[in-house]
Structure formats: structure tokens, C-alpha cells
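Note on naming: letters A, B, ... go to the chains in the order of the sequence lines (proteins, then strands), and numbering restarts at 1 for each one.
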Amino acid sequence: MPELPEVETIRRELAPELARRRIRAVRVHHDDLILGPASPAEFARAVRGRVIGEAARRAKVLLLPLHDPARAEAPAPSLIRVQLRMTGRFWLAASPPDPAEFRHPGIDLALDDGRTLYYDDVRRLGGFEVLRAETWAEIERDLGPEPLEAGFTGARLAGILAGRRAPIKNVLLDQRRVAGVGNIYASEALFRARIDPRRPAGSLGPTEVARLQRAIRGVLRAAIRGSGTTVSSYRAMNGRSGTFQNELRAYGREGEPCVRCRTPVERVVQAGRSTYFCPRCQPRSRSA
DNA sequence: CTTGTACCCTGACCGC
DNA sequence: TGCGGTCAGGGTACAA
């Protein structure tokens with residue numbers, strides 16, 4: 001899926017368009033896009049007629065609060081949790097997108113302003129789920145801190161990493177530890193912090209943890225500024241590409257010279273995913 | 001608790 | 001042109 005910056009990009013574009021819009025009709029093209037215990041019919045019933053509130057994001061999840069139109073000011077009793085996973089995309093318009101671009105219709109939410117929010121997902125790993133607000137609150141508690149919020153300090157990260165023997169890259173990918181970092185930005189943050197991704201998380205010294213905390217925030221902020229990274233399927237709203245792929249320093253650059261020292265970038269597999277790093281700038285031993 | 005593996009699904013790409 | 005293998009911004013279920 002898109003990682004934190006990509007989901008945040010989509011949220012920012014979607015929020016002003018969806019706020020106060022009523023959902024008039026729901027069409028589900030593939031039943032497996034409705035996640036969770038509700039059937040597609042139950043999903044449609046729970047969502048139809050509801051008014052969407054301010055779109056939010058937690059980790060890589062997009063949240064659409066649903067108000068009862070009769071008392072729209074009350075806290076939203078339920079919400080739609082959207083997981084884009086690897087290939088989820090949105091299109092918002094009065095008419096369907098070009099089928100040549102948007103080849104895999106998934107879920108359509110027709111709105112009361114005449115437009116429809118189209119969700120497309122090639123691999124159908126993502127989808128929508130309707131949840132009671134309390135149920136989401138329980139799930140949410142198991143997620144790690146938001147790296148761009150004030151609580152994500154060096155000390156907080158140090159506490160998360162302390163005593164962990166798993167490689168630092170794996171820990172960064174674990175949503176229970178830090179929420180929203182995925183495979184691209186884990187590699188990028190470790191490159192910026194000059195830390196070998198294979199190091200045991202608990203072996204990082206205080207200076208390294210401080211560098212990593214700043215690197216994570218820095219790379220996520222820069223990626224949001226660039227509307228995300230489009231390396232293959234990710235698109236922002238209505239098919240737009242991000243630009244941060246032009247600023248990647250490690251991810252996807254196997255064999256290319258390191259931007260700092262010209263040593264060829266290496267690729268290894270960790271937790272079943274590719275990790276890219278510079279063997280010279282990111283030494284195996286602890287650095288100051 | 002932790003870690004690793006299989007799996008969900010389709011499409012793009014590479015070597016033969 | 002076809003075929004098989006590998007890989008892809010993710011997460012979950014299950015086994016050890």
C-alpha cells in the first residue's frame with residue numbers, strides 16, 4: 001500500500017471534497033473488497049444515507065467518519081476504514097474514469113453532489129470496512145505512535161527499540177512499534193541516518209537513535225511535500241503521480257552509486273521484502 | 001512474548 | 001510468442 005505520505009496526500013485531497021457529503025448509493029464490484037465481518041449488503045446498508053465527516057488518517061489507514069444526518073453534530077457513531085494496501089486508488093468525479101487508466105473498478109460511493117468516489121484496486125488486497133467508533137478505538141490502540149506527531153521524540157523511539165534483537169528495518173516496518181512507515185521509507189530513513197538496516201534494533205546508540213528519529217520525520221515530511229512516491233502503481237487523487245521517487249537515495253537503486261560516496265547500493269531481503277542500503281555509509285558497527 | 005512462513009491477488013518484467 | 005519464475009509502497013493467520 002501506499003505508506004504514510006501517500007495516504008496523507010490522498011486524505012488532504014479528499015477531505016474538503018467529502019466533508020458534509022451524503023452517500024446516496026453504494027456499488028461493490030468485488031465482494032472481497034469489503035473487509036471485516038460485515039457482508040457487502042450489510043456494508044451498503046450501514047453506509048447509505050450517512051453523511052461523511054472530516055477524513056482522517058492513522059498510520060496507513062484512511063478513515064471516513066459517518067454521521068447520522070439527523071444529528072450531524074454528534075460524534076460519528078461509525079466510520080469507514082479504508083486500507084489501500086498495495087494497489088488501492090481513488091477517483092472522484094461526476095462520471096467514471098477512463099477505463100484504460102482505471103481498469104479494476106472496486107467500490108463506488110455515489111454522493112449527493114452528483115459526484116462519485118470510485119475506488120479501484122488491481123490486486124484487491126485492500127478494501128473498505130465499516131466499524132463502530134469504539135471498535136476502531138480498540139484496534140487503534142495496538143498501533144505505534146504517529147511519527148509526525150509531537151509525542152514521537154528521540155526518547156520515545158529509544159524506548160521502542162530498547163532490548164529488541166530484531167533488525168532495525170523489521171522493527172520500523174512493524175506497525176505496532178511505529179505506525180505508517182513502510183518498505184520505501186524504512187530504507188530511506190536508515191540511509192539518511194547512516195545505520196545498517198540489519199543491526200539489532202536494541203544495539204543502536206543514543207546518537208544513532210536521535211539521527212534515526214529525525215531521519216524518519218524528515219523523509220516522511222519531504223515525501224508528503226512531494227505528494228508521495230510513485231514507483232509503480234501508487235497514484236494520488238484522479239491518477240496524479242507523486243514526485244518523491246525523484247528524491248529517493250537508496251530504495252530501488254541496487255547497483256547504482258551511492259549519492260554520498262559512490263559505492264554501489266546493495267539489496268538484501270529482510271522480512272521477505274527488499275532493503276536497499278549503502279554498505280559504506282551505513283556501517284555494521286555502531287557509529288557515534 | 002517473539003520470529004518466520006505462507007497466503008491473499010494481479011500484472012509487469014526477465015530470461016529462455 | 002509463450003512459459004515460468006520473480007517481484008511489487010501491505011497485513012494477517014498460523015506454526016514454532
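Considering all non-hydrogen atoms of both residues, A:Arg89 and A:Glu101 come closest at NH1-O, 3.5 Å. Closest approach of A:Pro283 to A:Arg194, counting heavy atoms only: CD-O, 3.9 Å. A:Gly154 and A:Val209 make their closest contact through O-CG1, 3.7 Å (heavy atoms, listed as atom of the first residue, atom of the second, distance).
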Determine all donor-acceptor pairs shorter than 3.5 Å in which one atom belongs to a side chain in residues 248-259 of chain A; sequence neighbours excluded.
{"unit_1": "A:Arg253", "atom_1": "NE", "unit_2": "A:Arg249", "atom_2": "O", "d": "3.4"}
{"unit_1": "A:Arg253", "atom_1": "NH2", "unit_2": "A:Pro257", "atom_2": "O", "d": "3.2"}

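Nucleotides B:dT3 and C:dG9 are separated by 23 Å at their C1' atoms, to the nearest Å. C:dC14 and B:dC9 have their P atoms separated by 16 Å, given to the nearest Å. For B:dC8 and C:dC3, the P atoms lie 23 Å apart once the distance is rounded to whole Å.
Evaluated for a side chain to side chain contact (heavy atoms under 4.5 Å, CB included) with A:Arg81, the options A:Leu64, A:Val61, A:Leu35 yield exactly one hit, A:Val61. Applying the side chain to side chain donor-acceptor pair (under 3.5 Å) test between A:Thr275 and each of A:Arg267, A:Gln270, A:Arg198 identifies A:Gln270 as the sole match.
A:Arg267 has a side-chain polar atom (N or O) that falls below the 4.0 Å cut-off from OP1 or OP2 of C:dC7. For A:Lys60, a side-chain nitrogen or oxygen approaches OP1 or OP2 of C:dG11 to under 4.0 Å. OP1 or OP2 of C:dG9 has not a single side-chain nitrogen or oxygen of A:Tyr185 nearer than 4.0 Å.
Heavy-atom neighbours of A:Arg221 CZ from other residues, nucleotides or ligands within 6.0 Å: above the threshold of 12. Residue-environment remark: CZ (A:Arg20) stays at or below the threshold of 12 foreign heavy atoms within 6.0 Å. Other residues, nucleotides and ligands place more than 12 heavy atoms under 6.0 Å from the CZ atom of A:Arg115.
Between A:Leu161 atom CG and B:dT2 atom C1' there is a gap of 16 Å when expressed in whole angstrom units. Nucleotide C:dG9 holds its C1' atom 15 Å from the CG atom of A:Leu172, rounded to whole Å. Taking atom CZ of residue A:Arg89 and atom P of nucleotide C:dG9, one finds them 16 Å apart after rounding to whole Å. The separation between A:Gln245 atom CD and C:dG9 atom C1' is 12 Å, rounded to whole Å. One atom, CD of A:Glu6, and another, P of C:dA8, lie 16 Å apart when rounded to the nearest Å. In this structure, CD of A:Glu129 is placed 10 Å from P of C:dT12, rounded to the nearest angstrom. Going from atom CD1 of A:Ile139 over to atom P of C:dG11 covers 13 Å, rounded to whole Å. Separating the CD atom of A:Glu140 from the C1' atom of C:dG11 is a distance of 17 Å, rounded to the nearest angstrom.
When each of A:Val269 and A:Val181 is assigned the nucleotide of DNA chain C with its nearest heavy atom, A:Val269 is the one assigned upstream, toward the 5' end.
The nucleotide whose nearest atom lies closest to any side-chain atom of A:Gln83 is, among C:dC7, C:dG11, C:dG9, C:dG11.
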| message | Protein within reach of the bases, or only the backbone? For nucleotides 3-14 of chain B, mark each nucleotide 5' to 3' as B, S or -, using heavy atoms under 4.0 Å. | response | S----BBBSS--
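With its glycosidic angle within 90° of 0, C:dG9 is assigned syn.
When heavy atoms are screened at a 4.0 angstrom cut-off, A:Ser274 is found touching the sugar-phosphate backbone but no base atom.
No side-chain donor-acceptor contact under 3.5 Å links A:Gln282 to the backbone of A:Asp196.
At a cut-off of 3.5 angstrom, the base of C:dG9 holds at least one donor-acceptor pair with the side chain of A:Ser232.
Consecutive Watson-Crick or G-U pairs involving DNA chain B, each under 3.5 Å on both distances, make up stems of three or more pairs at B:2-8 with C:10-16, B:10-16 with C:2-8.
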